[in-house]
Q: 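Structure incoming, see below.
In what follows, every chain begins at residue 1, and chains take the letters A, B, ... in the order their sequences are listed.
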Amino acid sequence: MSSYQVVKGARDIFPDEMVQWNYVEEVICRLAGVFGFNEIRTPVFEYTELFQRSIGASTDIVGKEMFTFCPDGSERSITLRPEMTAGVMRAVLQKNLFASAPVQKLYYISELFRKERPQAGRQRQFTQFGAELLGASSPAAVAEVIMFMMQVFGELGLDGLRLRINSLGSADDRRRYREELRSYLAPHYGMLDQASRERFEKNPLRILDSKNPDMQEIVSGAPKLHEHLGDEARRDFDQVLGYLAGRGIDFSIDHLLVRGLDYYSYTAFEVSCTALGAQDALGGGGRYDSLALELGSPKEVPAAGFAVGMERLLIAMQKQRLLPEAVPPGPEVFIIVPQQEFFDHAFDIAARLRSAGIGTTIDLAGRSMKAQLREANRMRAASALFVGGDELASGLFPLKDLASSAQEALSLDAVIGRLRHASIIKTRQP
RNA sequence: GUGAUUGUAGCUCAGUUGGUUAGAGCGCCAGGUUGUGGCCCUGGAGGUCGGGGGUUCGAGUCCCCUCAUUCACCCCA
């Protein structure tokens, strides 16, 4: 055993599990195409100010969860991305993609980093898939990102989901409400917990979704955000809900849902799953019209998006037995070399088969024939091809179907013909 | 950052009030089959019992420290 270990909060994904990841990612990519989202990749790090500006300096993420460093002491501070939205928006603004197409629909599957204590469903390096719809934030646009997210869950067969949704209103709505909330909370200030006291000044709305029962008690008597929404926000929210209901998407309205990123306005939502443990949030998102301005864009860019935790998605699917068997696909043929002195000839034949597009494996460790066959069986090779002295002399090679044990001696051309046919049939299967 | 939890073979785990060379199942390797896998049988390799210190005639077992894990708080994906 090596004395080195993976970094705390990070983990390796080995081939067995990769089969499952690939399955989920394939579904995501396919549905992204169906919904018209194109893939984007951005760097794993950005200049630190980008996140401070976008996510909000008073949030937990920026305040204590970022991996930040200065490359050379004097150079500009850099941070491993704790979320994707800011980076995507930065990239699109920098390239000025809106000049050629005013609406950009992008999706990603990317690794993120947050310096938290690891626990079930929470890592320091984790993966999110998500989508950003930039250039529109109409009720239909917001509904569309939610529909995309929910359809992925549906396609994967996930059960026990709960979609909660809320409207945070316009910036003006919130500004007015914030003052009302403060004046309500002020007499209770002495009873607020540490975190809530800090939020009282910087972002009192976050006190609303505190999980501290004492805070919830206090909040229960507070003025309601949804009663302070302007007509516009009210209408917008109703339309979003109407679109969702019309598509048969189940949701529940949660007037206390605020979420931990500062850039959201109007619609915000979160999906949780009963199959998960304490960290039961599977994904979330919302509308963020003001983010572009925050990042220095000369004009506002209406936008909405969501992100889903891939590890949590896999955990939930695992619990619900929705994942494919964790076994990497075996080769079409495993070349058996009974006598090592003929290895080079067998190696040439392997090359020919591969040139013909046939998945071919050959033992590279000089093992016994028995070991080679065992290995072929273990890796679920479809067939075994024997290449020894007799075969090279006669030009006839026994090809054994490992499932049925049927064996037949064929010329190399016949072997290639048959295996090629087999792999074509295989790839046609869904 | 706080609180608990668990560290014994590659994996899952036994290991009695402290007592000889630390075990099992699975996996791996080899043989049973002179050129044929799976099933079966036989054998083998593999452990500084997380690390350090202490108590003791003697520590996997008790004490202290430390590292790591896991779960929860917090927060979120």
Q: Check if the side chain of A:Lys400 and the base of B:U36 share a donor-acceptor pair of N or O atoms closer than 3.5 Å.
A: yes

Q: Below 3.5 Å, does any donor atom in the side chain of A:Glu116 face an acceptor in the base of B:C76, or the other way round?
A: no

Q: Look at A:Glu26 together with A:Arg30 and state whether they make a salt bridge at an N to O cut-off of under 4.0 Å.
A: yes

Q: Rounding to a whole Å, what distance do you find between A:Arg11:CZ and B:A68:C1'?
A: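 Taking atom C1' of B:A68 as the reference, CZ of A:Arg11 is at 18 Å.
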
Q: Would you indicate what A:Gly121 reaches in the nucleic acid, counting non-hydrogen atoms under 4.0 angstrom: base, sugar-phosphate, or nothing?
A: base

Q: Checking side-chain contact (heavy atoms from CB on, under 4.5 Å) against A:Ile349, which of A:Ile362, A:Ile335, A:Val415, A:Asp344 comes through?
A: A:Ile335

Q: Checking salt bridge (charged side-chain N to carboxylate O under 4.0 Å, His left out) for the pair A:Glu270/A:Arg259: CA distance, chi angles, key distance, verdict?
A: CA-CA 8 Å; A:Glu270 195 168 303; A:Arg259 298 188 54 75; 2.7 Å; yes

Q: Any idea how A:Phe153 and A:Phe129 line up, ring-wise: parallel (<30°), tilted (30 to 60°), or perpendicular (>60°)?
A: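 The rings of A:Phe153 and A:Phe129 stand perpendicular, inter-plane angle above 60°.
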
Q: Give the dot-bracket string for RNA chain B, reading 5' to 3', where a pair is Watson-Crick or G-U wobble with both distances under 3.5 Å, ( ) marks pairs inside the strand, [ ] marks pairs crossing earlier ones, | marks a partner on another strand, and . marks unpaired.
A: ((((.((..((((.....[...)))).(((((.......))))).....(((((..]....))))))).))))....

Q: For A:Leu385 and B:G37, give me the distance from atom CG to atom C1', rounded to whole Å.
A: 15 Å

Q: Of the listed nucleotides (B:G35, B:G32, B:U36), which one gets closest to any side-chain atom of A:Asp390?
A: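 Looking only at heavy atoms from C-beta outward on A:Asp390, the closest nucleotide is B:G35.
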
Q: On RNA chain B, does the nearest nucleotide to A:Val6 precede the nearest nucleotide to A:Arg312 from the 5' side, or the other way round? Give the residue.
A: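 Upstream on the strand: A:Val6.
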
Q: Ignoring hydrogens and angles, are the base of B:C74 and the side chain of A:Gln119 linked by a donor-acceptor pair under 3.5 Å?
A: yes

Q: For B:A77, is there a stacking contact with A:Phe126, counting only centres under 5.5 Å and planes under 30°?
A: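 Yes, A:Phe126 stacks on the base of B:A77, since the ring centres sit under 5.5 Å apart and the planes are within 30°.
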
Q: Decide whether A:Glu332 and A:Thr360 meet the rule of one side-chain donor and one side-chain acceptor closer than 3.5 Å.
A: no

Q: Please state the C1' separation for the pair B:G46 and B:C26 - nearest whole angstrom.
A: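 B:G46 and B:C26 have their C1' atoms separated by 14 Å.
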
Q: Would you list the protein and nucleotides 25-30 of chain B atom pairs, both N or O, that sit under 3.5 Å from each other?
A:
from	atom 1	to	atom 2	distance (Å)
B:C28	OP1	A:Arg378	NH1	2.4
B:C29	OP1	A:Arg378	NH2	3.3
B:A30	OP2	A:Arg374	NH2	2.2

Q: Would you kindly check whether a donor in the side chain of A:Arg122 faces an acceptor in the base of B:C74, or vice versa, at under 3.5 angstrom?
A: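 Answer yes: a donor N or O sits under 3.5 Å from an acceptor.
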
Q: Distance check needed: B:C74 P versus A:Arg114 CZ, whole Å only.
A: 16 Å

Q: For the pair made of CG in A:Leu399 and P in B:U36, what is the distance, rounded to whole Å?
A: 17 Å

Q: Looking at A:Phe200, I want to see if its CZ is surrounded by more than 12 non-hydrogen atoms of other residues, nucleotides or ligands under 6.0 Å.
A: yes

Q: Just to be sure I understand the rule, does A:Leu402 reach a base, reach only the sugar-phosphate, or reach nothing, if contact means heavy atoms closer than 4.0 Å?
A: base

Q: Any chance the rings of A:Tyr288 and A:Tyr263 have centres within less than 6.0 Å?
A: yes

Q: Which part of the nucleic acid, if any, lies within contact of A:Glu65, taking any heavy atom under 4.0 Å across all strands shown: a base, the sugar-phosphate backbone alone, or nothing?
A: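 Sugar-phosphate only.
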
Q: Parallel under 30°, tilted from 30 to 60°, perpendicular over 60°: which one fits the rings of A:Phe347 and A:Phe343?
A: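 Geometry flag for A:Phe343 against A:Phe347: parallel rings.
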
Q: Pick base, sugar-phosphate or nothing for A:Phe334, based on heavy-atom distances below 4.0 Å to the nucleic acid.
A: nothing

Q: Do the side chain of A:Lys64 and the base of B:G1 come within less than 3.5 angstrom through a donor-acceptor pair of N or O atoms?
A: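 Answer is no: no donor-acceptor pair is held.
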
Q: When only distance counts, do a donor and an acceptor, one from the side chain of A:Arg206 and one from the base of B:C75, lie under 3.5 Å apart?
A: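 In this structure, the two groups form no donor-acceptor pair.
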
Q: Run the salt-bridge test on A:Asp413 and A:Arg352 with the 4.0 Å N-O cut-off and return the result as yes or no.
A: yes

Q: Just compare B:G35, B:A68, B:G37 and give me whichever is closest to any side-chain atom of A:Gln339.
A: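 The closest nucleotide is B:G35.
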
Q: Just call it for A:Glu391: base, sugar-phosphate, or nothing, with non-hydrogen atoms closer than 4.0 Å on any strand.
A: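 Touches a base.
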
Q: Need one value for A:Leu261: base, sugar-phosphate or nothing, where a base atom within 4.0 Å counts as base even if backbone is also close, heavy atoms only.
A: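 It contacts sugar-phosphate atoms only.
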
Q: Base, sugar-phosphate, or nothing for A:Ala403, non-hydrogen atoms under 4.0 angstrom?
A: base

Q: For the base of B:U36, is there a side-chain donor-acceptor partner from A:Gln372 under 3.5 Å away?
A: no

Q: How would you label the contact of A:Lys8 with the nucleic acid (heavy atoms, under 4.0 Å): base, sugar-phosphate, or nothing?
A: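 Touches sugar-phosphate only.
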
Q: Under 4.0 Å between any heavy atoms, over every strand shown, what does A:Arg81 touch: base, sugar-phosphate, or nothing? Just pick one.
A: nothing

Q: Quick one: do A:Glu311 and A:Arg11 make a salt bridge, cutoff under 4.0 Å?
A: no

